[in-house]
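Here's the structure, in structure tokens; my notes come after.
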2 protein chains.
Amino acid sequence: MSQNGKLATDLVQKLERDIVTGVLKPGDKLDERSLSERFGVSRTPVREALQTLAGSGLVATMPRRGTIVAAITVAELIEMFEVMAELEAMCARLAARRMPRVDIDNLIALSDECGALKDHADADAYYEANVRFHEAIYAGCRNSFLERQTKNVRNRLAPYRRLQLHRPGRVKTSNNEHADILNAIANGEAETAGKLMQQHVAVQGESLNDLLAIVPRGYLEPLAS
Amino acid sequence: MSQNGKLATDLVQKLERDIVTGVLKPGDKLDERSLSERFGVSRTPVREALQTLAGSGLVATMPRRGTIVAAITVAELIEMFEVMAELEAMCARLAARRMPRVDIDNLIALSDECGALKDHADADAYYEANVRFHEAIYAGCRNSFLERQTKNVRNRLAPYRRLQLHRPGRVKTSNNEHADILNAIANGEAETAGKLMQQHVAVQGESLNDLLAIVPRGYLEPLAS
DNA sequence: CCATGCAATTTTGTATACCAGAATGTGATT
DNA sequence: AATCACATTCTGGTATACAAAATTGCATGG
């Protein structure tokens, strides 16, 4: 997948991580010169990295006006959740039909892991386990293109989705839904698995009003990808 | 959407057109120097353009080994059609629920246009009308993110899909399916519209064996995106 | 005649220099 | 005091120069 040279590739990964984990917030300006001296390289690989990130939608650059971490509008967020729900539903449907036994066992283990962390104080720990559970299902669809596509959209939503889990009660509900989804997949009930997953994801998009209440200032400024 | 400078943006559009329309074939080498002198610019905007195209998946570049027009393997093609069918189905479902009357009228006109060309000798003319019909449905879903995502995948499949229509009888069948889809959308039958569209697209992926028989040499070499 | 290794050339990756357009600040004028 | 014009400055876009890696071709040896 990685197209650029070594330096540029490194930059892509570092910046991607910073954006997805929230170190860099939506709307933050990404000045080429600052980045180049911060990483000790010239502007060229920095530009290539930004170019790549722009392609995947994580940053947005306006001609002659620079690059910022993609700040998604509420309308765009709703749209993306709508698509995300359907992509994950597709993964779940296919996983129910194609996931081999050994991978299902692994999925059960990941679900247990989520269960063990659901009452834990550390929301981030649950978040990580949650990601692993979902990614196991992506992998289970046995369609590497769909897997990449889904992960891409998830990454772009990551800065906003992380906030979701801090909503009271959401973790527990989420965990229950996991159990149902797992069940459907293990039993090969494709349509059920898809339906459940669709709702599981879509509910996050539908509660965007709640999300807006806790979103930090600066998250909802101008621009979509 | 466009991130690069003016020159680079132009290049992206020109190269994209050449790839989608088949002037440049999968596997063709894209030499930076040749391109730069062909377009009368330096290597920098050329590199940026290739970078952008790599991001959208239309070209593939291996580090230190250059860039080629993305040559998709058969396995990857099957995967992509599987996803494409689902994306278009989603568009159709949403369009059935959201498309305003005036746009439906326009869709009817586009369908008629396809019908008028279905017996015509010029397969390319039907192909273009077909694209317009499908794009009208993308637009009808009222989800610009989904629309972009769908168009992106379609572009990547375009070099291969174009071959499909040269299969005898396909045009007529395709046209009948259009009529059914249009009907479902006009009547607001979301699930039906989605189902029909899913099949309409998936059948192209499932007939890949036939496609392989007529694919020109050089189309199926090494690399996926 | 074929294989292997080295050299020359080609081509990509990175750095730097230069140019152009946009933002900003200052001063004059109303 | 507010606004508009102009100049300065800052930042992004493009070109060019340089470095490193890979491919190619040739020569040499088996």
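Note that this is a predicted model, so its numbers are computed, not measured. Naming: A, B, ... by sequence-line order, numbering from 1 per chain.
Rounded to whole angstrom, the span from the CZ atom of A/Arg47 across to the P atom of D/dT16 amounts to 16 Å. When the P atom of C/dA22 is taken as reference, atom CE of A/Met62 falls 13 Å away, rounded to whole Å. The CD atom of B/Gln51 sits 13 Å away from the P atom of C/dT12 (whole-angstrom rounding). Spacing between atom CG of A/Leu7 and atom P of C/dA15 amounts to 6 Å, rounded to whole angstrom units. Residue B/Glu48 contributes atom CD, which lies 16 Å from atom P of C/dT12 at whole-angstrom precision. Taking atom CZ of A/Arg43 as the reference point, atom P of C/dG13 lies 19 Å away to the nearest angstrom.
When distances run from any side-chain atom of A/Arg64 to the nucleotides C/dA17, C/dG21, C/dG13, the shortest one goes to C/dG21.
Formation of a donor-acceptor pair under 3.5 Å by the A/Arg98 side chain with backbone atoms of A/Cys141 is found in this model. The main-chain N or O of A/Ile72 is found under 3.5 Å from a side-chain atom of A/Tyr160 such that the two form a donor-acceptor pair.
Considering all non-hydrogen atoms of both residues, A/Glu16 and A/Asn155 come closest at OE2-ND2, 4.0 Å.
One finds no side-chain N or O of B/Thr44 lying less than 4.0 angstrom from the OP1 or OP2 phosphate oxygen of D/dT14.
Within 4.0 Å of A/Arg65, counting heavy atoms only, lie sugar-phosphate atoms of the nucleic acid but no base atom.
Within residues 29-41 of chain A, the residues approaching DNA chain D are A/Lys29, A/Asp31, A/Glu32, A/Arg33, by heavy-atom distance under 4.0 Å.
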Requested in this report: Start with the C-alpha gap between A/Glu79 and B/Ser144, add the side-chain angles, then the distance that decides, and say whether side chain to side chain donor-acceptor pair (under 3.5 Å) holds.
Outcome: CA-CA 7 Å; A/Glu79 292 184 348; B/Ser144 60; 2.9 Å; yes
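Qualifying side-chain contact (heavy atoms from CB on, under 4.5 Å) partners for A/Arg64, counting only residues two or more places apart in sequence or in other chains: none.
Applying the salt bridge (charged side-chain N to carboxylate O under 4.0 Å, His left out) definition to pairs two or more places apart or across chains, those involving residues 125-142 of chain B are B/Asp103-B/Arg142, B/Glu113-B/Arg132, B/Glu128-B/Arg162, B/Glu135-B/Arg154.
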